[in-house]
Amino acid sequence: MVKPSIPKGTRDFTPVEMMRRNYIFDTIRNVFHKHACLPIETPAMENLSTLMGKYGEEGDRLLFKILNSGDFTKGVDFQDETQSTNKLAAQLCEKGLRYDLTVPFARFIVQHQNELTFPFKRYQMQPVWRADRPQKGRYREFYQCDVDIIGSNSLLNEAELVEITDEVFRAFGINIVMKINNRKILSGIAEIFCSPDQVTDLCVALDKLDKIGREAVCAEMLERGISQDAICGMAPLFELSGLSNEEVLAKLEQMLAASETGLQGVAELRTVLDYVAKMQIATNLEIDVTLARGLNYYTGAIFEIKATDVAMGSISGGGRYDNLTGIFGLKNMSGVGISYGAERIYDVLNELNLFPQHILTPITAMFVNFGGDDEIYALQGLKALRDAGIPAEIYPDKAKIGKQMNYANAKGIPYVIMAGENERAQGVYTLKNMQTGEQKSLVIGEIVEAMKNDE
RNA sequence: GCGGUUGUAGCUCAGUUGGUUAGAGUACCGGAUUGUGGUUCCGUGGGUCGUCGGUUCGAAUCCGACCUGCCGCCCCA
């Protein structure tokens, strides 16, 4: 016998967990529908060539690769030590599990460009896989809920994503702060203070400011080859927290006066904030110039969302990408999107006790099984309830009443219906409220009515 | 990928310097109670002590490797 187990970082979901997860997906899907977004799905596995090189060096390492079928060692030289692991893997694996939903989406757009109407608003809620080391809130298989608007440069789309985010988290009752930045601002900073090709090093270091503090960030910048002079020049960046969005924009405009790109980033940010204000979106939107995010395909706005009432990593993130489809041969297709992390949202809802009670009791009534003719009589009542759209079941065996009651109790079924010889003779059913213990003799129509009103 | 830490019944955990047949609570199942659950009482079952190897007369206990969960780094939903 094998000991039952599942791979590291993966999980089973119990009925209670699934009902909660479905509540999350349903809630998000409703908001997406309201914003006229259309659903798509893509396969769990993509060609490795689609995936490799899109997420940086780190991303390549975290990709799950799928061993070729058949004689996969044929023609592969394992002795050749000049081959890197990556090159060897490329010979052995031509497929991999998707790492996120955005790159497969870009592939999808290019492949189906002639069937789609642009601007295209899509949503997609599917699992993704990363060979990361699991920790709390970090899994190797997890779900993302993505929404993207592609084929339009309009900053109205950024504003709409803020609006969608606001609606999603308001529906959950989660208080959030939404941080926003613009990659062009980061490029401008690199342009002015160090050099444009150091923007990645700059971002990686700057991104850690709230975590490791100013001094450690400066130390990391030095280590990454950014000069002391440049770091001193950037000093005002470290002093922006606490300022209003307007004040931050003004300061950035000063600092970036010599960079066209940088100023454009500031202008974009200002426009988005302006839209958001005019649309009267209540979400707390905060400029954070240290927000960089690792994904190197972002070119404009960058978003990140954190729950304010619980200590947890970001529950959502996204941004604008101008050229993601370019690598698949389609130019001039700018898009902006955001991704909500289902398991992070689950943990937040759980920790703050925000899951609604009603999602846990999908079964409204259970008929006790007395066997024989009583069983048939119960089945008739059961059908009436189901026809009326009331989720109900009958205990399948003629077991002891205590056992059947226990079953209903353990499953949290709010109503138990009993009908034996006496009830059958009178054409009624005994309805028992499991919470109060109260019992009533009613005809089936009255029971249906009572339960409909109860909902 | 690097460093640290954890693992005993379905669950929460005891288990003495290494010493007979590894315990408790809870849950489960059965009974007290054959048309009434949540409270109570009694009883049954349930363990390759994470896995493999080593030290030892003897290992849940000491050592090593691996696996898993967790924490930090990297990165990130």
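Being a predicted model, the structure only gives us computed values, none of them experimental. Naming convention: chains lettered A, B, ... in sequence-line order (proteins, then strands); numbering from 1 in each chain.
Summarising the geometry, the separation between NZ on A:Lys403 and P on B:rG31 is reported as 9 Å, rounded to the nearest angstrom. Taking atom CG of residue A:Asn433 and atom P of nucleotide B:rG38, one finds them 16 Å apart after rounding to whole Å. If you take CG of A:Asp146 and P of B:rA77, they are 10 Å apart, rounded to a whole angstrom. B:rC11 atom P lies 13 Å from atom CG of A:Asp12, rounded to whole Å. Remark: C1' of B:rU34 and CE of A:Met405 are 15 Å apart, rounded to the nearest angstrom.
For B:rG69, the OP1/OP2 oxygens have no side-chain nitrogen or oxygen of A:Gln135 closer than 4.0 Å. Checking the phosphate oxygens (OP1, OP2) of B:rG31, a side-chain nitrogen or oxygen of A:Lys400 falls inside 4.0 Å.
Note that A:Arg130 lies outside the cation-pi zone of A:Phe142, set by a 6.0 Å cut-off to the ring centre and a 45° limit from the axis. With a 6.0 Å cutoff to the six-membered ring centre and a 45° limit on the axis angle, A:Arg122 counts as a cation-pi contact of A:Phe105. Figure legend: A:Arg140 and A:Phe64 shown without cation-pi pairing, the cationic atom not lying both under 6.0 angstrom from the six-membered ring centre and within 45 degrees of its axis.
In this structure, A:Gly137 reaches the bases: a heavy-atom distance under 4.0 Å links it to at least one base atom across the strands shown. Counting non-hydrogen atoms under 4.0 angstrom, A:Ser339 reaches nothing in the nucleic acid. The residue A:Tyr407 sits apart from the nucleic acid: no heavy atom pair falls under 4.0 Å. Within 4.0 Å of A:Ser5, counting heavy atoms only, lies no atom of the nucleic acid at all. Residue A:Gly318 is out of contact with every strand shown, counting any heavy-atom pair closer than 4.0 Å. Nucleic acid contact for A:Glu421: base, since at least one base atom lies under 4.0 Å from a heavy atom of the residue. Nucleic acid contact class of A:Gln404 (heavy atoms, under 4.0 Å, all strands): none. Heavy atoms of A:Lys211 sit under 4.0 angstrom from at least one base atom. Note on A:Val416: nothing from the nucleic acid sits closer than 4.0 angstrom, heavy atoms only. Residue A:Glu423 is in base contact, counting any heavy-atom pair closer than 4.0 Å across all strands shown. Across all strands, A:Gly59 comes closer than 4.0 Å to no nucleic acid atom at all (heavy-atom distances). Counting non-hydrogen atoms under 4.0 angstrom, A:Gln435 reaches a base of the nucleic acid.
For A:Gly420 and A:Phe142, each mapped to the nucleotide of RNA chain B holding its nearest heavy atom, the one lying further toward the 5' end belongs to A:Gly420. Place A:Ala419 and A:Ala342 on RNA chain B by their nearest nucleotides, and A:Ala419 ends up nearer the 5' end.
Here B:rG35 is the nucleotide among B:rC75, B:rG35, B:rC70 with the atom lying nearest to any side-chain atom of A:Phe370. Considering only the side chain of A:Tyr99, B:rC75 comes nearest among B:rG1, B:rC71, B:rC75. Out of B:rU36, B:rG35, B:rA77, the shortest distance to the side chain of A:Arg130 is found at B:rA77. The side chain of A:Met434 lies closest to B:rG37, out of B:rA77, B:rG37, B:rC75. You'll find that the side chain of A:Gln439 is closest to B:rU36, out of B:rA77, B:rU36, B:rG1.
Residues A:Asn323 and A:Thr299 have side chains not in contact (no heavy-atom distance under 4.5 Å, counting atoms from C-beta outward). Counting heavy atoms from C-beta outward, A:Ile315 and A:Ile176 have side chains that approach closer than 4.5 Å.
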From CA spacing to verdict: salt bridge (charged side-chain N to carboxylate O under 4.0 Å, His left out), A:Glu268, A:Lys184: CA-CA 9 Å; A:Glu268 286 183 7; A:Lys184 296 189 176 94; 2.8 Å; yes
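Scanning atom types as modelled, no donor and acceptor separated by under 3.5 angstrom connect the side chain of A:Asn406 and the base of B:rG37. For a distance-only test at 3.5 Å, the side chain of A:Lys8 fails to qualify as a donor-acceptor partner of the base of B:rU68. Below the 3.5 angstrom threshold, one finds a donor paired with an acceptor across the side chain of A:Arg133 and the base of B:rG3.
Using the six-membered ring where Trp is involved, A:Tyr143 and A:Phe25 have ring planes that are tilted, between 30° and 60° apart.
Under the Watson-Crick and G-U wobble criteria, each requiring two contacts below 3.5 Å, nucleotide B:rU40 is paired to B:rA32. Across every strand in view, B:rA27 sits unpaired, with no contact that passes the Watson-Crick or G-U test at under 3.5 angstrom.
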